[in-house]
Amino acid sequence: MEKHTDVTRRGFLTTAATGLVTAGLAGLVPGKLLAGDKTKTADTSKKKIITRKLGKTDLTLPIVSMGSINATFPGLIEAAYEAGIRHIDTAAGYQFGRNEQMIGTTIERMKVRDKFTIGTKVYLGGRREAAPEELKSKFRTTFEGSLKRLKTEYVDILYLHDAQSAADPQNPATMEILTEMKKEKKARYIGIATHTQIPEIIENMIKAGIYDVLLVSMNLTMDEDDEWLRQIKNAADAGIGIIAMKTMAGGSRWPNADTRRQYSTATIARASLKWVMRHEHVTTCIPGFATYQEMEEDVSVAYDLDLTDEEKNLLSDNNITYGLGFCKQCRTCLASCPDEVDIPKLMRTHMYAAQYGNLMHARATLDEIPKQNGLDNCLSCDTCQAQCANSVDIDRRIRELKSMYA
Ligand code: SF4
């Protein structure tokens with residue numbers, strides 16, 4: 001299942017540096033580039049990138065890919081390609097389509113379409129209850145917009161974006177349109193992307209029998225005996241290719257003072273990615289790096305999954321794991337709120353704003369919440385807190401959101 005490519009660490013370091021120069025951006029993002037950690041990357045000069053096969057597809061991918069949600073300049077895509085990354089994940093909704101546009105233009109200019117695996121997603125949001133023909137038509141129109149922006153006739157993986165209920169994988173309209181896109185050769189493979197209701201969604205995905213790929217939240221805050229992890233393994237055993245997201249429990253730039261005092265962001269990033277990718281049934285992960293330095297930290301993991309002593313310490317430190325307070329989107333808290341506030345979506349909004357620093361995506365996520373379930377409805381009664389088994393400090397995050405958006 002696992003292979004090593006011919007992209008060497010030496011080549012990566014050289015080409016990543018070249019990327020900085022050719023992009024002409026070294027001086028434009030000093031905050032991000034200069035404020036990073038000084039922790040030395042392990043010497044992997046003699047090692048090769050590890051690759052794994054994606055389920056029953058004919059794709060074999062490096063174990064670290066590029067999540068593009070936070071990427072805002074073409075040089076990063078060029079440098080990622082030169083570093084050995086061969087799979088990029090985007091979505092029709094990222095940066096209101098501009099993310100796909102940047103990826104399409106860059107890949108066309110580099111003339112590497114046939115070497116890059118592109119995954120994109122179509123989000124149907126509140127339209128799930130719409131009539132089947134309307135749903136299919138909306139999906140098709142949105143996806144055709146994606147193809148145009150990506151400047152390609154097909155994508156390698158097409159996902160239903162953000163499946164939210166157990167019924168979503170078996171929705172006849174979305175199953176039909178995804179299958180049609182495959183038959184029309186506009187998508188080589190089809191899948192589901194989800195952050196929530198993972199065991200139920202996976203169970204129905206396997207039953208549906210049409211899906212090739214699962215893009216799913218997976219990170220070190222999940223215990224090994226977690227039902228979510230068991231179901232992800234079940235999906236892999238059923239031949240569905242597994243791609244992991246939210247691998248850093250919301251980002252290595254987590255503003256948890258204790259964690260940050262003890263470990264560098266580079267160590268947090270590498271330990272987090274290694275934790276995920278040491279599960280061999282996971283093919284690849286899509287960290288959303290936004291700078292060359294973050295990319296270098298993330299790609300270094302693709303050469304070597306052995307843990308350093310410092311990484312072992314971090315991973316065995318329960319205070320750190322709990323301190324991350326990752327919202328698993330389990331929705332347990334929802335029923336407890338007397339004002340029907342959409343707490344999980346607010347927690348995601350907070351993650352995008354405070355951890356990703358992606359205010360555009362945070363705003364878009366916030367705007368998806370119906371007014372009657374929105375931020376203004378929260379009276380800070382704190383009733384929900386007792387329901388959360390994942391140490392999410394809900395009230396603090398909602399107060400921070402209010403200071404940003406109220
Ligand atoms: S805040 Fe806690 S209970 Fe609510 S969805 Fe997130 S993890 Fe679940």
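All ligand and atom numbering here is 1-based and tracks the order in the structure. Computed from a prediction, not measured in an experiment: that's the story for all the values here.
Between Phe139 and Phe143, the ring planes are tilted. Angles from 30° to 60° get that label.
Residue pairs meeting the side-chain hydrogen bond (donor to acceptor under 3.5 Å, both in side chains) criterion with at least one member in residues 184-196, sequence neighbours excluded, are Asp58-Arg188, Asp58-Tyr189, Arg140-Glu184, Glu144-Lys186, Asp156-Arg188, Asp162-His195, Glu184-Lys186, His195-Lys246, Thr196-Arg331.
Under 2.8 Å from atom 8 (Fe) of ligand 1, one finds the following protein N/O/S atoms: Cys330 SG.
Among all heavy-atom pairs drawn from Pro74 and Met102, the shortest one is N-SD, 3.7 Å.
Evaluation of the side-chain contact (heavy atoms from CB on, under 4.5 Å) rule for Ala167 yields Ser165 as partners, not counting sequence neighbours.
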Side-chain atoms of residues 375-388: list all donor-acceptor pairs with protein atoms under 3.5 Å, sequence neighbours left out, distances to 0.1 Å.
| residue | atom | partner | partner atom | Å |
| --- | --- | --- | --- | --- |
| Asn377 | ND2 | Gln372 | O | 2.8 |
| Gln385 | OE1 | Ile394 | N | 3.0 |
| Gln385 | NE2 | Val392 | O | 2.6 |

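Heavy atoms of Leu334 found under 4.0 angstrom from ligand 1: none, in either backbone or side chain.
A side-chain N or O of Arg113 and one of Thr152 form a donor-acceptor pair less than 3.5 Å apart.
Considering only non-hydrogen protein atoms, atom 1 (S) of ligand 1 sits nearest to Ile394 CD1, 3.7 Å.
Proximity of the aromatic rings of Phe116 and His87 is defined here by a centroid distance below 6.0 angstrom, and this criterion is not met.
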